[in-house]
J.: 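So that we are looking at the same thing, I have put the structure below in structure tokens.
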Amino acid sequence: MVPTFHQFKPEELYLGIDNPPATTENETDNPSPELKNGFRPTGVELLDHLLKNIYTYGLRTSEFHANKLGIDSFELWYATLALTGMNYSEFAIKCTLIMANDLITRKTKNMQAVAKRLGFESYSGFYRFLKRHAKRTPTGREVLPL
């Protein structure tokens with residue numbers, strides 16, 4: 001069944017992660033009201049807060065994000081499915097992959113800091129996440145199938 005309303009995709013909402021602040025005098029005198037980091041507002045308060053939490057805390061469980069939003073994890077799962085066409089896990093993984101690719105393309109030397117920024121407890125967890133979901137390593141090497 002095709003929904004009659006727009007379902008949001010992370011790719012269309014993503015602005016960037018940890019973009020540097022404005023450096024020219026024009027930009028600092030008149031700061032733009034538009035966001036430079038995170039995800040574009042959707043107009044759906046629940047989804048906007050979820051995206052802000054994913055941007056701030058990284059990949060966490062649905063219980064963690066539901067608790068931050070003050071709702072039940074099943075309600076979060078159902079709302080995410082209705083608004084995006086993906087369940088919570090698929091949506092959070094996609095958002096995290098987009099943010100990870102953005103940070104990795106900057107050729108950051110400290111991958112442990114990147115892993116922490118994205119909500120992973122250790123670099124090895126981040127490595128396994130990318131290997132499983134993006135079929136690559138944080139250094140950019142493609143993972144060959146066994």
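As the structure is a prediction and not an experimental result, all values here were calculated from the model.
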J.: Just how far is it from atom CD of Glu63 to atom CG of Asp72, taken to the nearest 0.5 Å?
T.: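 Rounded to the nearest 0.5 Å, the CD-CG separation comes to 9.0 Å.
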J.: Which value, rounded to the nearest 0.5 Å, describes the distance between Lys9 atom NZ and Ile98 atom CD1?
T.: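 Taking NZ in Lys9 and CD1 in Ile98, the distance rounds to 11.5 Å.
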J.: What's the separation between atom CD1 in Ile104 and atom CG in Leu130, rounded to the nearest 0.5 Å?
T.: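 Separation between the atoms: 5.0 Å.
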J.: Could you give the distance from OH (Tyr55) to SG (Cys95), rounded to the nearest 0.5 Å?
T.: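 Rounded to the nearest 0.5 Å, the OH-SG separation comes to 13.0 Å.
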J.: Linking I/L/V/M/F/W/Y whenever any side-chain heavy atoms sit under 4.5 Å apart, do Leu76 and Tyr57 land together?
T.: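 Hydrophobic grouping puts Leu76 apart from Tyr57.
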J.: I'd like to check Asp102 versus Tyr14 (side-chain heavy atoms, cut-off strictly below 4.5 Å). Are they in contact?
T.: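 Yes; the side chains approach each other to less than 4.5 Å.
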J.: Taking CD in Glu12 as the centre, count heavy atoms belonging to other residues, nucleotides or ligands within less than 6.0 Å. Is the count above 12?
T.: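 Above 12, so yes.
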J.: Decide whether Tyr78 and Val44 are clustered together by the hydrophobic rule: side chain heavy atoms of Ile, Leu, Val, Met, Phe, Trp, Tyr closer than 4.5 Å, transitively.
T.: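 Yes, Tyr78 and Val44 fall within the same hydrophobic cluster.
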J.: Fit a plane to each ring of Trp77 and Phe74, take the angle between them on a 0 to 90° scale, and name the class: parallel (under 30°), tilted (30 to 60°) or perpendicular (over 60°).
T.: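 Aromatic pair Trp77/Phe74 classed parallel.
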J.: Check the hydrophobic clustering (I, L, V, M, F, W, Y; side-chain heavy atoms under 4.5 Å; chains of links allowed) and say if Phe120 and Phe64 are grouped together.
T.: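 They do not share one cluster, since no chain of ILVMFWY contacts under 4.5 Å joins Phe120 to Phe64.
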J.: Keeping Asp48 on the side-chain end and Thr42 on the backbone end, is there a donor-acceptor pair under 3.5 Å?
T.: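 Yes; at least one donor-acceptor contact below 3.5 Å.
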J.: Between Asn101 and Arg136, does any side-chain donor sit less than 3.5 Å from a side-chain acceptor?
T.: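 Judged by distance alone, the side chains do pair up.
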J.: Output every pair passing ring pair (Phe, Tyr, Trp, His ring centres under 6.0 Å) with a member in residues 91-117, not counting sequence neighbours, ordered by first then second residue.
T.: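 Checked against ring pair (Phe, Tyr, Trp, His ring centres under 6.0 Å) - neighbours excluded - no pair reaches residues 91-117.
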J.: Check whether more than 12 heavy atoms from other residues, nucleotides or ligands sit under 6.0 Å from atom CD of Glu45, and answer yes or no.
T.: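 Result for CD/Glu45: open.
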J.: Mind checking whether Thr84 and Lys94 have side chains closer than 4.5 Å, heavy atoms only?
T.: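 The answer is no; the side chains never approach within 4.5 Å.
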J.: Tell me, do Gln112 and Phe126 make a side-chain contact under 4.5 Å, heavy atoms counted?
T.: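 Not touching, per the 4.5 Å side-chain cut-off.
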J.: Please round to the nearest 0.5 Å and tell me the distance separating atom NE2 of His65 and atom CD1 of Ile71.
T.: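 Between His65 NE2 and Ile71 CD1, I get 11.5 Å after rounding to 0.5 Å.
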J.: Testing the basics here: between Leu118 and Met99, what is the closest heavy-atom pair and its distance to 0.1 Å?
T.: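 Reported closest heavy-atom pair: CD2-CB, 3.7 Å.
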J.: In Å, rounded to the nearest 0.5 Å, how long is the span from OG of Ser122 to CZ of Arg128?
T.: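 These two atoms lie 6.0 Å from each other.
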J.: Are any of the side-chain heavy atoms of Leu47 and Thr80 separated by less than 4.5 Å?
T.: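 No. Closest side-chain heavy atoms not under 4.5 Å.
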J.: Taking the side chain as every heavy atom from C-beta outward, state whether Tyr88 and Ser62 have any pair of such atoms under 4.5 Å apart.
T.: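 Yes, their side chains come closer than 4.5 Å.
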J.: Do you know the tightest heavy-atom contact between Asn87 and Leu81?
T.: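 Looking at all heavy atoms of both residues, the closest pair is N-CD1, 4.0 Å.
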J.: Quick check: closest heavy atoms across Ile93 and Leu59, and the distance to 0.1 Å?
T.: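 In this case the closest contact between Ile93 and Leu59 is N-CD1, 4.1 Å.
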